[in-house]
Amino acid sequence: MKILAIESSCDETAAAVVEDGRFVLSSVIASQVEEHRLYGGVVPEIASRRHAEAIVPVVSRSLGEAGLTLKDIDALAVTYAPGLIGALLVGVNFAKGLSLATGLPLIPTHHLRSHIASNYISNKELKPPFLCLVVSGGHSHIVLVNDYTDMKIIGRTRDDAAGEAFDKAARTMGMSYPGGIELDRVAEDGDPLAFRLPRPVVHDAPYDFSFSGLKTAVINLIHNSAQKGVELNKADVCASFRYAVVDCLVTNFLKAARDNNMKRLVIAGGVSANSLLRRTLTTECEKLGYELYMPDKSLCGDNAAMVGAQAYYEYLSGNIAGSDLNAYATKSIEEG
Ligand code: KG4
Ligand code: ZN
């Protein structure tokens, strides 16, 4: 089954053709990041306008690169939640129009479920059940994936998402948006033990995260040193901060795995590209005898191939949208 998938939840307009949830026939991404960088973050109104301009050429290219026409497509899929509402609406309305014009069924797909599904492309043998750490710019969840479309959140962030914390710390160090990737790169040359940063714990919920105190601690460290005229080693600050975030993520994730007797672990979302997170989990899972699955780095960020992958399983479970499909800025991964 060939699905033409569309993604426009944030600042990437993307389209892909995916076969049977696992095989990517094409994947096109038009990123707006250079423009948003001028403002230090995503400007929702600009994002919507750029999606509206890019969506037709991006969808056409994805068909062209797959060597297909709409006649070869069996279903359409679109990200309908969560994300920037104006941005989502561009994709949803375009997909609804295309569905009406072609008669193809339209599969509504949840953005975070799609991030998880990026793993089905990179790891063809992976099947639920598994425990997934979903870490992106907007969310940090530990999710029990009982089946492809049956999920339960058992841990979540109480404040900032991991990606958001990386981006804000990076910004304080003068790195341009989104700074998480650059912080990760600079951290490779630093000493993770140079600065002691807190490891916030949420006492009544052992799998929950809290990153805002950690973010404030690193911002205070930088500002206090600047006031005293002390120059900090940037690589050491990056390495210490990255170590603290990854330590919190890995500690809770492994605790959740142990308590729930889950030995198959998966990571997903933009932050799953983080080098230290990938290395630490690889080492820990080897020691514990757990299976670990990660998406290829090229599939960690927003793309439409992952939408096409999840959509296949949504379709199999009977999830088809009517012409009243709407977009939602927030919606739980459990509701799908
Ligand atoms: O999943 P994603 O592409 O978009 C959302 O759905 O939010 O995640 C983007 C986030 C950004 O905060 C970005 O800085 C972060 O993922 N990110 C990283 C790395 N690569 C991307 N954070 C830490 N280390 C990385 N290597
Ligand atoms: Zn995302």
Side-chain angles (χ1 to χ4, degrees), residues 5-14 16 27 29-33 36-37 40-42 44 47 78-84 87-88 91 109-119 132-141 143 157 160-173 175-188 190 192 209 211 214-215 218 238-250 267-281 294-307 309-310 329-331 333:
I6 295 164
E7 153 69 36
S8 69
S9 67
C10 190
D11 58 351
E12 261 96 30
T13 319
S27 178
I29 304 172
S31 177
Q32 311 168 358
V33 73
H36 295 294
R37 191 166 276 158
V42 177
V78 69
T79 305
Y80 79 108
L84 299 171
L88 287 164
T109 311
H110 189 284
H111 184 67
L112 297 180
R113 286 189 175 195
S114 300
H115 270 300
I116 295 174
S118 63
N119 281 282
C132 189
L133 176 70
V134 187
V135 271
S136 71
H139 298 84
S140 300
H141 287 339
V143 184
T157 181
D160 292 351
E164 198 180 345
F166 271 121
D167 293 343
K168 286 179 182 164
R171 188 175 174 168
T172 314
M173 282 180 268
M175 298 171 183
S176 61
Y177 174 86
I181 306 159
E182 192 180 342
L183 189 152
D184 186 21
R185 198 166 36 76
V186 175
E188 290 291 294
F209 306 106
F211 293 115
L214 182 53
K215 176 196 68 192
V218 79
C238 289
S240 303
F241 181 75
R242 182 179 69 165
Y243 179 41
V245 174
V246 168
D247 202 11
C248 295
L249 292 172
V250 170
I267 59 174
V271 181
S272 67
N274 187 267
S275 325
L276 184 67
L277 178 65
R278 294 170 83 97
R279 282 201 298 269
T280 311
L281 280 174
M294 305 186 274
D296 284 351
K297 281 200 173 183
S298 62
L299 287 169
C300 292
D302 290 345
N303 64 83
M306 65 185 194
V307 179
Q310 180 60 24
T330 55
K331 185 166 274 283
I333 195 171

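When a ligand or atom number is given, it counts from 1 through the structure's own listing order. Throughout, numbering of the chain's residues begins at 1 and tracks the sequence.
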(message) For a distance under 2.8 Å, give residue and atom name for each protein N, O or S atom next to the Zn ion (ligand 2).
(response) His111 NE2, His115 NE2, Asp302 OD1
(message) Taking non-hydrogen atoms within less than 4.0 Å of ligand 1, which protein residues qualify?
(response) His111, His115, Ser136, Gly137, Gly138, Gly163, Phe166, Asp167, Pro178, Gly180, Ile181, Asp184, Gly269, Gly270, Val271, Ala273, Asn274, Gly301, Asp302
(message) Can you confirm whether more than 12 heavy atoms, excluding those of Arg278, are under 6.0 Å from its CZ atom?
(response) yes
(request) State, to 0.1 Å, how close Pro82 and Leu88 come at their nearest heavy-atom pair, and which atoms those are. (result) C-CD1, 3.8 Å
(message) Holding to side-chain contact (heavy atoms from CB on, under 4.5 Å), I want the full list of residues that pass it with Asp11, two or more places apart in sequence or in another chain.
(response) Gln32, Val33, His36, Val42, Tyr177
(message) Could you check whether any side-chain N or O of Arg37 sits under 3.5 Å from a backbone N or O of Ser176, counting only pairs where one atom can act as donor and the other as acceptor?
(response) no
(request) Could you pull out the closest heavy-atom pair between Pro295 and Ala268, with the gap in Å? (result) CG-CA, 4.4 Å
(request) Could you tell me whether the side chains of Asp184 and Ser275 share a donor-acceptor contact shorter than 3.5 Å? (result) yes
(message) Quiz question: by atom type and distance under 3.5 Å, do the side chains of Thr109 and Gln310 form a donor-acceptor pair?
(response) no
(message) Going by ring pair (Phe, Tyr, Trp, His ring centres under 6.0 Å), name the residues that satisfy it together with His110, two or more places apart in sequence or in a different chain.
(response) none
(request) Say whether Glu7 and His111, considering side chains only, have a donor N or O and an acceptor N or O under 3.5 Å apart. (result) yes
